[in-house]
Amino acid sequence: MLTGTRAVSREDQQALDGQRAKKAKKLSDDSLRARAEKGRKKPSTYQQSTTQYERSVWVAEYAKRLANGICQLCLQPAPFENAKGVSYLETHHIVWLAKCGEDTIANTVALCPNCHKKMHIVDDKKDVEILQQRAKPLGDGA
C-alpha cells in the first residue's frame, strides 16, 4: 500500500497514460492477454484536484433549443431520448472554457455524444469553423 501524497499534473498523467496505451497497442494478442490476466483485480485509487467552470444553464438550454434535437456538427437527430423523452444532446463550447472561451450563445452548440467526444479528441479546425457558423442564433442577420 502506498503512503504519503504526490502531486502529478493532469498533463503528466495523460502523457503517462498515453505512453502505456502506445506500448499496449504494440503487444501481440497473447502478450496483451497475459498482462491483462496478471493485472490487479482491484484498481488503485488516487485523489485529484480539478478546476470546474460554472456554466450558465440559460446558455446551455438555449443552445439545445436552437438545435431542436439535431446535432449541430453531423446534422443527425440525437441518438436517443433521456428518461423524460427529450432528445439527448450535449452542450459544447466551440472555444473551450479552459482555453479562455466564453460561456455565451455564440460560443455554445449542442452535439450528439459522438461528435462531442470527437471535438475533444480530434478538435479539427474545419469542424470548429463549421460550428462557429452554426452557432449563430436565429434572427441575428446571418
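In what follows, every heavy atom counts, from backbone to side chain, and hydrogens, waters and symmetry copies are set aside.
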Peer 1: A quick test of your reading: do over 12 heavy atoms of other residues, nucleotides or ligands sit less than 6.0 Å from CD of Glu54?
Peer 2: no
Peer 1: Would you say CD of Gln132 has more than 12 non-hydrogen atoms from neighbouring residues, nucleotides or ligands within 6.0 angstrom?
Peer 2: yes
Peer 1: Charged N to carboxylate O under 4.0 angstrom, Lys99 versus Asp123?
Peer 2: yes
Peer 1: Could you measure the distance from the NE2 atom of His92 to the CG atom of Asp127? Nearest 0.5 Å is fine.
Peer 2: 9.0 Å
Peer 1: Just wondering, do Lys25 and Arg20 contact through their side chains at under 4.5 Å, heavy atoms?
Peer 2: no
Peer 1: Verify the distance criterion only: is there a donor paired with an acceptor across the side chains of Ser44 and Arg40 at less than 3.5 Å?
Peer 2: yes
Peer 1: From Glu37 CD over to Leu32 CG, what is the distance, rounded to the nearest 0.5 angstrom?
Peer 2: 10.0 Å
Peer 1: Where does the angle between the aromatic ring planes of His120 and Trp96 fall among parallel (under 30°), tilted (30 to 60°) and perpendicular (over 60°)?
Peer 2: parallel
Peer 1: To the nearest 0.5 Å, what is the distance between OG on Ser31 and NZ on Lys26?
Peer 2: 14.0 Å
Peer 1: Quick one: closest heavy-atom pair of Cys112 and Leu89, and the distance?
Peer 2: N-CD2, 3.7 Å
Peer 1: Between Val59 and Asp103, what is the shortest heavy-atom contact and its length?
Peer 2: CG2-O, 3.7 Å
Peer 1: Counting C-beta onward and ignoring hydrogens, is there a side-chain heavy-atom pair between Gln13 and Asp17 closer than 4.5 Å?
Peer 2: yes
Peer 1: Search all heavy atoms of Ala98 against all heavy atoms of Tyr53 and return the closest pair with its distance.
Peer 2: CA-OH, 3.4 Å
Peer 1: Taking all atoms of both residues into account, what is the closest heavy-atom pair of Ala110 and Ala63, and its distance?
Peer 2: CB-O, 3.8 Å
Peer 1: Among all residues two or more places apart in sequence or in another chain, which pass the side-chain contact (heavy atoms from CB on, under 4.5 Å) test with Pro77?
Peer 2: Ile70
Peer 1: Apply side-chain contact (heavy atoms from CB on, under 4.5 Å) to Arg134 and Glu129, showing your working.
Peer 2: CA-CA 9 Å; Arg134 293 180 181 165; Glu129 290 171 7; over 6 Å; no
Peer 1: Any pair with a residue in residues 63-87 that passes side-chain hydrogen bond (donor to acceptor under 3.5 Å, both in side chains), sequence neighbours left out, goes on the list, sorted by first then second residue, please.
Peer 2: Glu61-Arg65
Peer 1: Might you confirm whether atom CG of Asp29 has over 12 heavy atoms from other residues, nucleotides or ligands at distances under 6.0 Å?
Peer 2: no
Peer 1: Remaining members of Ile94's ILVMFWY cluster at a side-chain heavy-atom cut-off under 4.5 Å?
Peer 2: Leu73, Val109, Leu111, Met119, Val128, Ile130, Leu131
Peer 1: Return yes if some donor-acceptor pair links the side-chain N/O of Thr108 with the main-chain N/O of Thr104 below 3.5 Å, else return no.
Peer 2: yes
Peer 1: Distance-only, no hydrogens or angles: does the Asn107 side chain make a donor-acceptor pair with backbone N or O of His93 under 3.5 Å?
Peer 2: no
Peer 1: Are there more than 12 heavy atoms of other residues, nucleotides or ligands under 6.0 Å from atom CG of Asp124?
Peer 2: yes
Peer 1: For Pro113 and Phe80, work out which heavy atoms get closest and say how close.
Peer 2: CG-CE2, 4.4 Å
